[in-house]
2 protein chains.
Amino acid sequence: MKKITIGEAARRSGVKVPTVRYYESICLLAAPSRSEGNQRSFEPADISRLAFIRHARELGFEIEAIRTLLTLQDDPHQSCASADAIAKARLIEVEQRIRSLMALKAELETMVEGCGHGRVDQCRVIEVLADHGQCTHAHH
Amino acid sequence: MKKITIGEAARRSGVKVPTVRYYESICLLAAPSRSEGNQRSFEPADISRLAFIRHARELGFEIEAIRTLLTLQDDPHQSCASADAIAKARLIEVEQRIRSLMALKAELETMVEGCGHGRVDQCRVIEVLADHGQCTHAHH
DNA sequence: CTACATCCTCTAGCGACTAGAGGTGCAAGA
DNA sequence: TCTTGCACCTCTAGTCGCTAGAGGATGTAG
């Protein structure tokens with residue numbers, strides 16, 4: 001068999017080497033077999049799992065959510081209701097975060113536009129921060 | 001004089017009690033005077049400063065950026081160019097984050113829509129996570 | 001055989017708090 | 001005056017998801 005080193009696994013999955021070891025340490029990835037000299041030797045399935053984790057992390061899923069998703073993936077006969085629920089929850093989070101960021105964006109734009117590039121005592125950036133009541137865009 | 005306790009300061013500024021102590025510990029807030037019994041006694045100016053910090057944190061500014069903004073606020077004769085630069089940088093960050101979250105939202109929607117609520121082996125949520133190539137929306 | 005890259009384990013650090021232990025201060029009611 | 005009970009104090013350690021570095025072993029190419 002080909003032996004996949006941790007560096008190779010990292011390169012193929014897009015997960016960094018220390019992160020691979022970290023995932024093993026928190027049991028998100030099964031401990032792989034070792035070479036004579038105690039070096040990790042991964043299987044192709046490990047690469048897929050790492051890619052799965054990486055993609056899920058990119059989508060902002062938390063490690064515990066990913067743990068659940070991986071458990072589901074490991075047993076394909078289960079109902080996918082949990083997976084669906086996790087994805088939906090994440091979608092709602094993302095939508096909320098976008099709304100909140102849009103509000104921040106508007107507020108930052110007002111601040112930046114209002115800045116006359118003069119001295120601090122006329123600066124709208126400082127002023128708005130000092131007094132939330134001056135915000136044209138209330139949030140939350 | 002009225003003595004403002006830490007609890008009162010927290011309530012008025014919207015910053016939690018332990019967080020106020022934390023801000024003091026990292027010198028974002030000057031150490032207030034103490035009562036006979038060693039309890040903190042804040043001034044109205046401290047409340048304003050805490051509110052400033054809180055608002056800036058809500059806008060996503062990092063502590064070090066806030067430290068700079070506070071230094072500027074403390075000396076109103078300085079040019080506000082730094083404040084402007086900090087706000088602009090933050091605006092660019094926020095815009096980037098919004099774009100990235102919109103891409104994630106699209107991907108999550110595809111996943112959730114594709115889920116037939118059956119078993120895991122037909123679940124699009126799991127499938128898409130397992131194989132990034134299936135994403136209809138490439139990001140980054 | 002000698003470089004040199006890559007691997008190993010282990011501990012500590014990041015940011016911005018948050019939680020908890022174990023103890024003290026203080027104001028109000030009985 | 002005493003007691004109840006909340007708010008305060010300091011200190012340490014934990015959170016999340018890694019990341020960095022020390023100090024050493026292994027593996028490979030020339």
Side-chain angles (χ1 to χ4, degrees), chain A residues 1-29 31-42 46-47 49-70 86 89-90 93 97, chain B residues 1-29 31-42 46 49-70 86 89-90 93 97 104:
Chain A
M1 326 283 172
K2 59 223 157 207
K3 46 187 167 176
I4 305 174
T5 66
I6 196 169
E8 183 70 0
R11 215 176 38 67
R12 286 206 224 162
S13 65
V15 176
K16 289 184 201 155
V17 169
T19 308
V20 173
R21 284 196 278 253
Y22 169 69
Y23 288 159
E24 184 189 323
S25 81
I26 60 167
C27 301
L28 208 56
L29 190 69
S33 56
R34 299 288 181 125
S35 76
E36 295 240 332
N38 197 36
Q39 301 203 349
R40 286 171 183 83
S41 180
F42 293 91
D46 296 321
I47 313 296
R49 198 171 173 96
L50 282 169
F52 184 109
I53 297 169
R54 184 190 144 219
H55 190 196
R57 287 294 299 140
E58 278 173 6
L59 287 169
F61 289 98
E62 290 174 6
I63 294 289
E64 287 316 303
I66 296 173
R67 202 186 289 281
T68 306
L69 289 171
L70 283 166
I86 291 169
R90 178 69 193 137
E93 268 173 43
R97 191 90 187 103
Chain B
M1 329 280 175
K2 59 219 155 211
K3 46 185 168 174
I4 305 173
T5 65
I6 195 168
E8 184 69 1
R11 215 177 36 69
R12 285 207 224 162
S13 65
V15 176
K16 289 184 203 155
V17 169
T19 308
V20 174
R21 285 196 278 253
Y22 170 69
Y23 287 160
E24 183 189 325
S25 81
I26 61 168
C27 302
L28 208 57
L29 190 70
S33 56
R34 299 288 181 126
S35 75
E36 295 239 334
N38 197 34
Q39 302 202 350
R40 287 171 182 82
S41 179
F42 294 91
D46 296 320
R49 198 173 175 94
L50 282 169
F52 183 107
I53 297 169
R54 184 191 145 219
H55 190 195
R57 287 294 300 138
E58 278 174 4
L59 287 169
F61 288 100
E62 291 174 6
I63 294 289
E64 286 317 302
I66 296 172
R67 201 185 291 280
T68 306
L69 290 170
L70 282 167
I86 291 170
R90 178 69 194 137
E93 270 173 41
R97 189 93 186 101
L104 298 193

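Please read these numbers as outputs of a predicted model, since none were measured by experiment. Naming convention: chains lettered A, B, ... in sequence-line order (proteins, then strands); numbering from 1 in each chain.
Listed nucleotides dT18(C), dA16(C), dC9(D) differ in distance to Arg34(B); the shortest reach to its side chain belongs to dC9(D). For Arg21(A), the listed nucleotide lying nearest its side chain is dC8(C); candidates were dT10(D), dC8(C), dT19(D). Taking the side chain of Gln39(A) as heavy atoms from C-beta on, and the options dG27(D), dA16(C), dG17(D), the nearest nucleotide is dG27(D). Of the candidates dC18(D), dC7(C), dT10(D), the closest approach to any side-chain atom of Ile6(A) belongs to dC7(C). Checking dC8(D), dT18(C), dT28(D) against every side-chain atom of Lys3(A), the shortest atom distance belongs to dT28(D).
A close approach under 4.0 Å does not occur between any side-chain nitrogen or oxygen of Lys16(B) and OP1 or OP2 of dC17(C). The phosphate of dT18(C) (OP1 or OP2) has a side-chain N or O of Thr19(B) nearer than 4.0 angstrom. A sub-4.0 Å separation between OP1 or OP2 of dC8(C) and a side-chain N or O of Arg40(A) is present. Contact annotation: Thr5(B) side-chain N/O to dC8(D) OP1/OP2 distance is under 4.0 Å. Ser35(B) has no side-chain polar atom (N or O) that falls below the 4.0 Å cut-off from OP1 or OP2 of dG25(C).
Nucleic acid contact for Arg57(A): sugar-phosphate only, since backbone atoms but no base atoms lie under 4.0 Å from a heavy atom of the residue. Contacts of Glu62(B) with the nucleic acid, taken as non-hydrogen atoms under 4.0 Å apart, involve only primed sugar atoms and P, OP1 or OP2.
Two residues are said to be in side-chain contact when any heavy atoms from C-beta on lie closer than 4.5 Å; Ile53(A) and Val15(A) fail this criterion. Under the 4.5 Å side-chain criterion, counting only non-hydrogen atoms from C-beta, Ile47(A) is in contact with Ile4(A). By the 4.5 Å heavy-atom criterion applied to side chains, Leu59(A) and His55(A) are counted as neighbours.
In this entry the distance linking CD1 of Ile4(A) with C1' of dT6(C) reads 16 Å, nearest Å. Atom OH in Tyr22(B) sits about 16 Å away from atom C1' in dC11(D), given to the nearest Å. Here the P atom of nucleotide dC17(C) and the CD1 atom of Ile53(B) are 9 Å apart, to the nearest Å. Rounded to whole Å, the distance from CD on Glu36(A) to P on dC8(C) is 15 Å. Rounded to whole Å, the distance from CD on Glu58(B) to C1' on dA16(C) is 15 Å. If you take CZ of Arg11(B) and P of dA7(D), they are 11 Å apart, rounded to a whole angstrom. Per the geometry, CG belonging to Leu29(B) stands 16 Å off P belonging to dA16(C), to the nearest Å. Remark: P of dA5(C) and CD of Glu8(A) are 18 Å apart, rounded to the nearest angstrom.
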Apply the test salt bridge (charged side-chain N to carboxylate O under 4.0 Å, His left out) to residues Arg97(A) and Glu93(A): give CA-CA distance (whole Å), side-chain angles for both, the deciding distance (0.1 Å), then the verdict. CA-CA 6 Å; Arg97(A) 191 90 187 103; Glu93(A) 268 173 43; over 6 Å; no
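Toward the 5′ end of DNA chain D lies the nearest nucleotide of Tyr23(A), the other residue of the pair Asn38(A) and Tyr23(A) mapping further downstream. Place Gly7(A) and Phe61(B) on DNA chain C by their nearest nucleotides, and Gly7(A) ends up nearer the 5' end.
A 6.0 Å sphere centred on CZ of Arg67(A) holds more than 12 heavy atoms belonging to other residues, nucleotides or ligands.
With rounding to the nearest 0.5 angstrom, the CD atom of Glu24(B) is 4.5 Å from the CZ atom of Arg40(B).
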